[in-house]
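Keep in mind that this is a model prediction, so the values were computed, not measured. Proteins get letters first, then strands, A, B, ... in listed order; numbering begins at 1 in each.
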Number of protein chains: 2
Amino acid sequence: MDGSEKSITSERIARDLAEAIHEHRLAPGSKLNEDEVGAVYGVSRTVARSALQSLAHQRLVELRRNRGAYVAQPSAREAREVFEARALLEPRTARSAALRMTEADIARLQSHIDEEHAAIRDGRPGRALHLSGLFHVEIARIAEQKTIEEFVALLVARSSLIIALYWQRRSALCESHAHEALIRAFEARDGDLAEELMKNHLLDLVTSLDLRNITSAPASLREVLSP
Amino acid sequence: MDGSEKSITSERIARDLAEAIHEHRLAPGSKLNEDEVGAVYGVSRTVARSALQSLAHQRLVELRRNRGAYVAQPSAREAREVFEARALLEPRTARSAALRMTEADIARLQSHIDEEHAAIRDGRPGRALHLSGLFHVEIARIAEQKTIEEFVALLVARSSLIIALYWQRRSALCESHAHEALIRAFEARDGDLAEELMKNHLLDLVTSLDLRNITSAPASLREVLSP
DNA sequence: GCACGCCAGATTGTATACGAAATTGGATGG
DNA sequence: CCATCCAATTTCGTATACAATCTGGCGTGC
C-alpha cells in the first residue's frame, strides 16, 4: 500500500538509529560521527551520511555545518510545542479510530500493551517507552489517516527525546493505565470518550515533565549568555 | 531566528526546486534526473541527490529505486488526508495567532495579500498560489508554534501539488477573500471568529477540488489498468 | 604571564569512478 | 504475426579520493 521502494540501506540504518534514540540507548547530545556510523554498519560514509540526513529531517538529530551530527536536544519550548501539536492531532484522531476500530485492531493494540508490560518486566524501560509510543502511531493508522500518522510518528519520536531530557517522576507506568482506558473506549466504539481520554492522557504527559526552561539546549549558549 | 546552519548548497537547491513545484513550473509527474539537476545548479550528483532526498522527505518528490525522482502525484485519498490534517491544525492555530497578533504581524500578512494580488495582475498565478500558501504558514509562525509551522508548511506544499492535480473551477481568487476576512478577524483579535473562518476556508478549499478518484496517479498504471 | 596568531589533526563537504539494477528495443524462434 | 529472450543503454547505489573548514595546542611577541 505504502511507498513500496524502501529498504535502501540508508533507510534501514536510519530506522535502526532512530530506534536506538527512541529507546534511549543513544542519549540526547551524543555525537554521531559519519565514519563511526559507517563502520558500525559496514558501509561507506556516503550511506551513513544519507541516514543521518534522514534523521535530521525527522529532527531526531541536528546537523551542524562542518561540525557533525548530534542527537537532538529539544528545548523546553520545543517540548511544549511538540505536545501542543499532539494535542491538536491525536484526540480527534482517536475519535476517528474508535469509530473504525475492528476486533483485529483492538487485538493488535492489546498486544502492544502486553509487549510493553513484558519489556518492563524484563527491565527494558527504553523499549517499553518505544512501544508505548507506537501505540499512539497505531491509532492514527487505524483511523486511516496516513498523513496524520506520519506526523504523529514524528511527534512521538521527538517526544521520546523530550522524555529523556525532562522526565521528572520515576512513576513508571502511569502510561499503561491511560492506554488501557483508551482500549476500553475503543471496544465500546465510544468516540467521544476516546477523544477525551486521549486529550487528558496527553495533558498528563506534559504535566509529568519539568519544562521550566532550566538548562535545556546547551546548543545555543549565545542566546542565554548575552554579553 | 530559525535553525542557523542552513544554506548548505543542497538545501538551497531543494528550496529552489520546492518553489518551482509550488509555483507549478514543475508539474506533478515530472522526472528530476540527478545529472540534470546537478548540471542546472553546477554541482555534482552527490549534492543534487541530497536535495532530491530532502524533497522526498517532504513528500514533494517520490524516489523510486533505480528509476529516479519524480514530482509527486498525490492520490485523491492523500489529498483528502492532507486537508483533514490541515483541518485539525490550522483553525486552532489561527485562534492562537489572533490572540498574539501584533500590528507588525498584521501589516506583514496584509503585504502578503498585496503581493498575491500583484502576482495575479502580472499573470503569474503560480506565484500567487505560492504566496497564498505562505499566508497560512505565516499564521502558524505568528502563533509561535514552530513545530506546527513546520507541519503546516509541509501540508501547504503538498496542497499545492494537490491543487495542480485536482483544481476544477477556474474561479481565480476565492482564496483572497477568505484571507482578507481572516485579517479582519485578526485585527479584531477575535480568536473564535478566526478559528471559524479558517475552518470554513479549508472546507471551501476541499470542496473546490474534484476528488472523485478519477485517474489520480498515472505513476502506477498497473493499478488502474489491471489485465 | 597573557594574548594573539599559526600550524597540525580531525571531520565534514564535494566530486568522481565503478558496479548493479531495471528498462528498452531488437533479434530470434515458434 | 506474436511472444520471448537477450544485450545495450540509462540511471541509480555505493565506495573512494580530494578539498574546505573547524578544533585545539603550541609558540612567539608583547
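A straight line from CD1 of A:Ile13 to C1' of D:dT14 spans 11 Å, rounded to a whole angstrom. Whole-Å rounding puts the B:Gln53 CD to D:dC12 P distance at 12 Å.
With salt bridges taken as basic N to acidic carboxylate O contacts below 4.0 Å, none links A:Lys146 and A:Glu150. Here A:Arg108 pairs with A:Glu138 in a salt bridge; the nearest charged N to carboxylate O distance falls below 4.0 Å.
Sorted by first and then second residue, the salt bridge (charged side-chain N to carboxylate O under 4.0 Å, His left out) pairs with a member in residues 46-56 of chain A read A:Glu34-A:Arg49; sequence neighbours excluded.
With sequence neighbours excluded, the residues that form a ring pair (Phe, Tyr, Trp, His ring centres under 6.0 Å) with A:Phe135 are A:His179.
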Worksheet item: Step by step, would you call A:Arg86 with A:His136 a side chain to side chain donor-acceptor pair (under 3.5 Å)?
Response: CA-CA 10 Å; A:Arg86 294 186 64 171; A:His136 288 250; 3.1 Å; yes
Atom pairs, N/O to N/O, protein against nucleotides 8-12 of chain C, distance under 3.5 Å?
| residue | atom | partner | partner atom | Å |
| --- | --- | --- | --- | --- |
| C:dT12 | O3' | A:Asn66 | N | 3.4 |

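With contacts defined as side-chain heavy-atom distances shorter than 4.5 Å, the pair B:Arg127/B:Glu115 qualifies.
For the OP1/OP2 pair of D:dG13 and a distance below 4.0 Å, the side-chain nitrogens and oxygens of A:Thr9 include no atom meeting the criterion. Neither OP1 nor OP2 of C:dG13 sits under 4.0 Å from any side-chain N or O of B:Thr46.
Nearest-nucleotide positions on DNA chain D for A:Val43 and B:Leu52 put B:Leu52 closer to the 5' end.
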